Amino acid sequence: YLVPKRIVYTQGDVKNADTLLVEKTNQITLDPGHGCVLQNHRFKKHAAILVDFGIEFPGSMRLMCWNVRGKHGRANLLVRFGESVSEAMTPLFHKNATNDHAIRDRVINVGFLSSNETNESGYRFAYIELLEPNGLVEFKAIQGVFTYLDLEYKGSFECSDERITQIWNTAAYTAHVNMQEYLWDGIKRD
């Protein structure tokens, strides 16, 4: 489980965003308090947050909610994944953004004292927007669920040009993340 490394962007009424950068237990608990709060107000921009997990990885995301206020005690959240900030901030169908190969843009319904896992994708950044009018959600934690196949690297590469060595390491890591449960041509098949 990965904890976000930084908060890249917030919009609207977002409080205590830095609490998402602290590792917490993986179980939702009955002792809510001091979580990250997204709250919508009439005629104002929806509350939203963009987090950076610090590394591209294959997997899903877990949204742990202490408190939720919305229709019937539930709330809808827009969750959008991206391997870059611009991808995570780009809505579907804008600038050719699609859900064709892997769902990167979806709505998830959450309730209080719930732990909600999204679909799998490949991402580094995650944008979460509260869609509920006059709604509220308080997160205990947002965790990246890293799907990882423990493979032994059979070779290595190093040369006097540090940039070339870095390119090789990035290529090796990219090949690795493309072979978790299956062998894919791309982390999201894109």
Side-chain angles (χ1 to χ4, degrees), residues 1-11 14 16-27 36 48-64 77-106 108 115-129 139-190:
Y1 299 98
L2 303 178
V3 174
K5 300 295 183 213
R6 67 185 176 114
I7 307 300
V8 178
Y9 171 81
T10 62
Q11 166 185 292
V14 178
N16 306 322
D18 288 345
T19 63
L20 297 175
L21 306 178
V22 178
E23 191 166 338
K24 299 186 184 82
T25 61
N26 291 339
Q27 183 177 5
C36 175
I49 190 165
L50 177 68
V51 297
D52 175 8
F53 287 94
I55 188 171
E56 296 82 1
F57 65 97
S60 59
M61 187 170 58
R62 179 180 291 159
L63 303 167
M64 299 174 72
L77 301 172
L78 171 68
V79 175
R80 187 180 306 126
F81 296 118
E83 292 175 68
S84 65
V85 167
S86 62
E87 183 181 19
M89 296 295 288
T90 303
L92 275 180
F93 312 115
H94 184 73
K95 296 184 179 179
N96 298 319
T98 71
N99 275 340
D100 287 350
H101 301 292
I103 304 298
R104 59 168 285 280
D105 191 324
R106 70 176 295 194
I108 184 169
S115 184
N116 311 274
E117 198 160 320
T118 67
N119 58 289
E120 290 187 345
S121 190
Y123 67 102
R124 172 179 170 165
F125 300 92
Y127 173 82
I128 301 148
E129 180 180 332
F139 293 108
K140 173 186 178 181
I142 295 173
Q143 299 173 324
V145 182
F146 192 158
T147 303
Y148 183 80
L149 180 60
D150 193 11
L151 293 173
E152 177 187 346
Y153 281 49
K154 299 289 185 179
S156 63
F157 174 83
E158 192 172 328
C159 77
S160 60
D161 186 332
E162 188 177 317
R163 183 77 167 147
I164 300 295
T165 301
Q166 183 182 18
I167 290 169
W168 188 93
N169 288 331
T170 299
Y173 178 73
T174 300
H176 187 182
V177 299
N178 288 331
M179 57 176 91
Q180 298 311 305
E181 290 185 67
Y182 311 100
L183 182 58
W184 293 110
D185 50 343
I187 191 170
K188 299 184 312 253
R189 302 212 63 228
D190 60 356

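Keep in mind that what you see is a predicted model, and the values were worked out from it rather than measured.
Expressed to the nearest 0.5 Å, how far CZ of R106 lies from CG of L78 amounts to 10.5 Å. Taken to the nearest 0.5 Å, the OG1 atom of T170 stands 8.0 Å off from the CZ atom of R163. Going from atom CG of N169 over to atom OG1 of T174 covers 10.5 Å, rounded to the nearest 0.5 Å. Atom CZ of F146 sits about 15.5 Å away from atom CE of M61, to the nearest 0.5 Å. The CG atom of L20 sits 12.5 Å away from atom NZ of K140, with the distance rounded to the nearest 0.5 Å. Separating the CZ atom in F81 from the CD1 atom in I128 is a distance of 8.0 Å, to the nearest 0.5 Å.
For the pair L50/I7, no side-chain contact is recorded, criterion being any heavy-atom separation below 4.5 Å from C-beta on. Between N26 and R62 the shortest side-chain heavy-atom distance falls below 4.5 Å. E120 is not listed as a side-chain neighbour of V145, based on a closest heavy-atom distance of 4.5 Å or more. Contact check for L77 versus N116: no side-chain heavy atoms found under the 4.5 Å cut-off. V85 is not listed as a side-chain neighbour of Y9, based on a closest heavy-atom distance of 4.5 Å or more. A 4.5 Å side-chain heavy-atom check between V177 and F57 finds every atom pair outside the cut-off.
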Next item on the list: Verify side chain to side chain contact (heavy atoms under 4.5 Å, CB included) between Q27 and S115, making sure each step is shown before the conclusion.
Entry: CA-CA 8 Å; Q27 183 177 5; S115 184; over 6 Å; no
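When all heavy atoms of T10 and A17 are compared, the closest pair comes out as CG2-CB, 4.5 Å. Minimum heavy-atom separation, W168 to S156: CH2-CA, 3.6 Å. Between R80 and A88 the shortest heavy-atom distance is CD-O, 3.0 Å. In plain terms, the two heavy atoms of C36 and I49 that are nearest each other are SG-CD1, 4.2 Å.
Judged by distance alone, the side chain of R124 and the main-chain N or O of E83 form no donor-acceptor pair under 3.5 Å. Side-chain N or O atoms of K24 include none that pairs as donor or acceptor with a backbone N or O of V3 at under 3.5 Å. A donor-acceptor contact shorter than 3.5 Å links the side chain of T165 to the backbone of C159. Using modelled atom types, one side-chain atom of H176 and one backbone atom of L149 make a donor-acceptor pair closer than 3.5 Å. Looking only at distances, no side-chain donor or acceptor of D52 sits under 3.5 Å from a matching main-chain atom of R6. With hydrogens and angles disregarded, no donor-acceptor distance shorter than 3.5 Å links the side chain of S60 to the backbone of E117.
Between Y123 and F53, the angle of the ring planes goes over 60°, which puts this pair in the perpendicular group of the 30/60° scheme.
Shown here are the side chain to side chain contact (heavy atoms under 4.5 Å, CB included) partners of N16, two or more places apart in sequence or in another chain: T19.
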